[in-house]
K.L.:
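Dropping a structure here in structure tokens format, bear with me for questions.
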Amino acid sequence: MAEKMHLKLTVNGKPVEALAEPRELLIHVLRERLEITGPHIGCETSHCGACTVDMDGRSVKSCTVLAAQAQGAQITTIEGIGTPDALHVLQEMFREHHGLQCGFCTPGMITRAWRLLQENPDPTEEEVRFGMSGNLCRCTGYQNIVKAILAAAAELNAAKEAAQ
Amino acid sequence: MNEMTPSREERTANLKGTGCARKRVEDARFTQGKGNYVDDVKLPGMLFGDFVRSPHAHARVTSIDPAAALALPGVVAVLTAKDLEPLNLHWMPTLAGDRQMVLADGKVLFQGQEVAFVVAEDRYIAADAVDLVEVEYEDLPVVVDPYKALEDDAPVLREDLEGQDEGAHGPRRHHNHIFRWEAGDREAAEAAIGGSEVVVSERIYYQRTHPCPLETCGCVASMDKVNGKLTVRGTFQAPHVVRTVASLLSGIDEHNIRVISPDIGGGFGNKVGVYPGYVCAIVASIVTGVPVKWVEDRMENLMATAFARDYWMDGTISATKDGRITGLKAHVIADHGAFDACADPTKFPAGFFHICTGSYDIPAAHVAVDGVYTNKAPGGVAYRCSFRVTEAAYMIERLIEILAAKLDMDAAELRRINFIKADQFPYQSALGWEYDSGDYHTAWEKALRAVGYEGLRAEQAQRIADFKAGKTRKLLGIGLTHFTEIVGAGPVKNCDILGMGMFDSCEIRIHPTGSAIARLGTISQGQGHATTFAQILASETGIPADQITIEEGDTDTAPYGLGTYGSRSTPVAGAATAMAGRKIRAKAQMIAAYLLEVHDDDLEWDVDRFAVKGATERFKTMAEIAYAAYNQAIPGIEPGLEAVSYYDPPNMTYPFGAYICVMEIDVDTGEHGIRQFYALDDCGTRINPMVIEGQVHGGLTEALAIAMGQEIAYDDIGNVKTGTLMDFFLPTAWETPNYTTDWTETPSPHHPIGAKGVGESPNVGGVPAFSNAVHDAFRAFGLTQSHMPHDHWRIWKIAHDLGLHG
């Protein structure tokens with residue numbers, strides 16, 4: 001067993017530390033060492049996106065990022081996107097538009113959508129479909145996920161306009 | 001009634017009962033990352049299990065040396081068949097009456113088969129140790145083609161069955177034969193077909209595929225040696241059945257076993273079976289005395305846990321020259337892989353394949369199914385369908401299209417003239433089913449009108465003319481389907497799993513302050529039971545759905561039930577829920593009568609209360625009644641307000657639907673584009689329209705996957721060619737179309753609230769709709785049948801073989 005690394009990173013705004021082997025994947029460090037179990041493991045080959053987290057402002061599949069690569073990084077997971085008392089509008093819209101069923105893909109979906117709407121605050125349906133194509137869902141057929149994300153974008157934009 | 005009293009309508013709306021598009025109560029935890037799936041379970045001292053798997057499809061295992069693995073720090077144990085044999089757990093019974101190796105016992109029979117189970121302190125060490133276990137193999141000839149498996153000189157796959165001429169389902173006719181199963185009247189069918197003016201026969205293959213839920217299978221087994229209690233948390237679609245099986249296999253008394261299905265990340269049939277991983281984790285926990293987790297990775301999931309379909313269907317359908325269907329017969333070669341681990345009710349080794357007369361009034365029919373062993377993974381689960389119903393629906397809906405072409409008739413018209421008529425229900429099919437209710441003509445005409453069918457056919461004719469004139473390279477396909485499902489297994493008199501009758505159950509406790517908890521024998525895997533079952537109860541008991549907790553999946557608390565698959569939750573457990581609610585109401589009526597000082601018969605139920613007939617200002621609400629049940633002595637009535645119902649359904653339910661897919665096909669690239677998909681479902685009484693629509697979207701997308709690209713493919717020596725999500729097609733948001741959903745509502749006459757179930761309809765009807773669209777695009781150029789999946793290359797090949805590339 002290789003010597004463990006001392007990892008320091010920021011997860012959901014909080015500085016955290018962990019000892020991990022250099023070969024450990026970010027998803028395992030998050031789930032097993034930091035007990036952040038929102039991101040899930042669906043394929044371990046970067047296809048399904050259940051493990052999607054935000055790393056330094058980009059969506060990444062944490063099943064194929066070494067934890068060592070996250071040294072010093074700012075990580076946001078589903079746990080950091082809203083709180084029970086103040087849900088993010090995406091979380092509300094996924095419920096409102098029935099954008100989830102078994103819930104296994106949902107944390108990755110919302111985390112990806114959260115970044116997508118920062119990259120492109122006013123996307124077309126086609127842009128949402130393309131922008132979400134790295135995240136697989138087996139239950140919903142995507143139609144209501146797309147609807148939820150478009151509704152969230154509209155609401156966020158309306159709030160922005162109201163604030164101006 | 002004073003002015004402050006809410007109206008009936010307001011009180012009804014407040015219940016959020018049956019018919020309400022109620023938002024889901026599950027969503028709060030899932031959208032915040034607070035689901036609790038099996039891989040989230042972390043227990044003190046927990047170890048991790050991982051499998052050494054066979055790289056060969058058929059080989060003798062000559063030696064297994066775990067020494068190097070055991071020498072690795074952090075490795076606790078390596079289990080092989082030799083270790084399991086003294087416990088008699090090196091083999092286990094399958095749900096289909098066969099037996100299956102838990103760990104390779106002398107030989108392996110499919111690639112990915114479990115050979116040894118490594119137990120280590122973390123998943124990385126376990127994976128390292130898997131590589132260090134040295135296994136010597138001696139290749140044996142591989143059989144992946146079920147027809148070749150039945151040749152006289154085919155290698156014997158199941159040496160353990162040598163000399164056994166009798167299987168679980170009757171005589172075995174060959175050393176690789178599992179069973180023959182038949183339904184209908186062969187002589188009558190052959191006579192009808194022989195005397196017909198038009199006969200078409202076709203071999204239709206429904207390829208091997210896999211349910212592939214986003215969460216793979218897994219469990220955490222935890223043996224508490226102090227209390228003698230075994231707890232197993234896992235991805236179980238039928239937790240009570242797992243408990244019974246675990247007890248029978250381990251010898252641990254059933255009351256000392258607790259099986260918990262936590263949140264399940266999709267099932268679609270994959271999580272019905274009992275897998276070697278569960279057995280090994282349990283044994284490892286018993287041996288080590290600490291919890292052991294096993295969670296398979298995606299490749300293991302696709303290679304080793306239950307596949308679906310793999311049916312070679314030779315169908316023959318006959319008709320008069322004006323299109324009246326006279327007979328149907330089918331013979332199926334069913335590739336079951338290395339062990340018969342199909343998940344079907346015991347007496348139905350080919351499931352309900354004999355629903356294959358579909359929506360049509362066919363006077364004579366016969367089917368025969370031969371199950372065959374090959375060197376492929378075991379399984380044969382119902383992937384988002386009732387048992388083998390997708391195969392049946394696909395066959396009849398393809399045969400209808402082929403017959404229409406032969407008759408030179410419009411396929412919509414051919415269906416119309418052969419549908420079972422509304423006044424024929426309950427309808428006795430030639431293959432032995434009693435269809436409960438239906439109105440196919442109404443659904444069909446509504447669907448055809450909705451898509452502008454005549455206009456589409458005119459456009460298609462113009463497109464063909466343009467294509468022939470060199471003005472376009474795109475063809476238009478109109479894929480029609482009218483399917484009839486059979487779900488809700490099933491009546492205990494003929495449906496069981498491992499001897500357990502396929503009833504289901506609900507237990508309700510009304511709390512003193514008028515809220516409630518209900519527990520069921522089923523388990524949601526995304527269907528939203530916590531939302532919809534509360535709606536059924538709200539309508540039955542008058543307690544608002546928001547004040548009812550639904551709990552499933554813990555065998556220590558939930559009443560015994562057979563679980564969730566085959567769209568059985570609503571037809572069976574939903575019925576139990578309604579019946580238990582009615583028991584609550586019956587007792588509530590007696591309490592209300594006492595409180596109001598009237599006779600029981602002088603009361604009438606009114607949404608959420610019992611009121612005195614003719615004096616409705618005198619009433620007791622269910623909340624008031626509940627309080628009284630706990631706070632005062634009522635002569636002749638026990639305290640408390642609880643009920644339990646075990647529901648044995650008198651019949652299956654028969655949901656149906658009309659689907660139309662309009663598809664553009666590029667002849668030169670083989671690419672397709674779905675321009676329109678219209679789905680009309682009739683699932684009887686609709687409990688939650690939002691949830692129904694969600695189920696339809698999801699099922700159609702799984703159908704899209706199967707029809708257009710998904711398969712578990714093997715090469716000639718049994719290597720799995722589709723073991724990752726790079727090769728195994730799951731559609732993304734990019735290639736999935738928008739769907740238009742619609743409905744008619746024909747209640748089931750025998751279900752307490754008339755509901756039939758819907759989760760699987762879109763897969764059953766969707767696959768033929770997509771596939772028929774592809775075929776229809778090429779019908780004018782002479783295409784009869786091309787096997788799924790219709791990926792770009794295969795569609796290109798159709799065009800090429802028809803000479804359309806010039």
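Proteins come first, then strands; the chains are lettered A, B, ... in the order of their sequence lines, and each starts at number 1. The analysis underlying the following values was restricted to heavy atoms, covering all of them including side chains, and did not include hydrogens, waters or symmetry mates.
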K.L.:
Does any heavy atom of chain B fall under 4.5 Å from the side chain of Thr111(A), the backbone, both, or neither of them?
P.N.:
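Neither part.
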K.L.:
Would you say the ring centroid of Phe94(A) lies under 6.0 angstrom from that of Phe30(B)?
P.N.:
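When the ring centroids of Phe94(A) and Phe30(B) are compared, they turn out to be at least 6.0 Å apart.
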K.L.:
Who wins among Arg31(A), Arg95(A), Gln91(A), His88(A) for the most heavy-atom pairs under 4.5 Å with chain B?
P.N.:
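Going by pairs under 4.5 Å, I would pick Arg95(A).
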K.L.:
Which bit of Leu100(A) comes within less than 4.5 Å of chain B, counting heavy atoms only: side chain, backbone, both or neither?
P.N.:
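Both backbone and side chain.
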K.L.:
Can you tell which of Asp297(B), Thr724(B), Asp39(B), Thr216(B) has the highest number of heavy-atom pairs within less than 4.5 Å of chain A?
P.N.:
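It is Asp39(B).
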K.L.:
Look at Glu32(A), Glu125(A), Glu92(A), Met132(A) and state which one has the largest set of heavy-atom pairs under 4.5 Å with chain B.
P.N.:
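Highest number of pairs under 4.5 Å: Glu32(A).
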K.L.:
Need one label for Pro84(A): side chain, backbone, both or neither, based on atoms under 4.5 Å from any heavy atom in chain B.
P.N.:
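It is both, since atoms from each part get that close.
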K.L.:
Between Lys42(B) and chain A, which part of the residue has a heavy atom less than 4.5 Å away: side chain, backbone, both or neither?
P.N.:
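Answer is side chain: those atoms of Lys42(B) sit under 4.5 Å from chain A.
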K.L.:
Go through Glu79(A), Glu44(A), Glu24(A) and name the one with the most non-hydrogen pairs under 4.5 angstrom from chain B.
P.N.:
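The option with the most such pairs is Glu24(A).
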K.L.:
Taking the six-membered ring for Trp, are the ring centroids of His40(A) and Tyr37(B) within less than 6.0 Å of each other?
P.N.:
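They qualify: ring centres under 6.0 Å apart.
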K.L.:
Need one label for Ile81(A): side chain, backbone, both or neither, based on atoms under 4.5 Å from any heavy atom in chain B.
P.N.:
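Neither part, no heavy atoms under 4.5 Å.
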K.L.:
Under a plain distance cut-off of 3.5 Å, with no hydrogens placed, do Thr52(A) and Asn135(A) share a side-chain donor-acceptor pair?
P.N.:
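Distance-only check passes for Asn135(A) and Thr52(A).
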K.L.:
Ion pair present between Glu17(A) and Lys8(A), side-chain N to carboxylate O less than 4.0 angstrom?
P.N.:
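No, Glu17(A) and Lys8(A) are not salt-bridged.
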K.L.:
Contact part of Met299(B) toward chain A, heavy-atom cut-off under 4.5 Å: side chain, backbone, both or neither?
P.N.:
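For Met299(B), there is no contact with chain A at all, as no heavy atom is under 4.5 Å.
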K.L.:
Count the heavy-atom pairs under 4.5 Å between each of Thr140(A), Ile36(A), Val128(A), Thr83(A) and chain B, then report the option with the highest count.
P.N.:
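The residue among Thr140(A), Ile36(A), Val128(A), Thr83(A) with the greatest pair count is Thr140(A).
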K.L.:
Check whether any side-chain heavy atom of Asn270(B) sits under 4.5 Å from a side-chain heavy atom of Tyr565(B), and report yes or no.
P.N.:
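Of all side-chain heavy-atom pairs linking Tyr565(B) with Asn270(B), none is under 4.5 Å.
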K.L.:
Is there a donor-acceptor pair under 3.5 Å between the side chain of Asn144(A) and the backbone N or O of Lys147(A)?
P.N.:
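Checking the backbone N and O of Lys147(A) against the side chain of Asn144(A), no donor-acceptor pair under 3.5 Å is found.
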K.L.:
Any chance the rings of Tyr142(A) and His697(B) have centres within less than 6.0 Å?
P.N.:
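Centroid distance Tyr142(A)-His697(B): not below 6.0 Å, so no.
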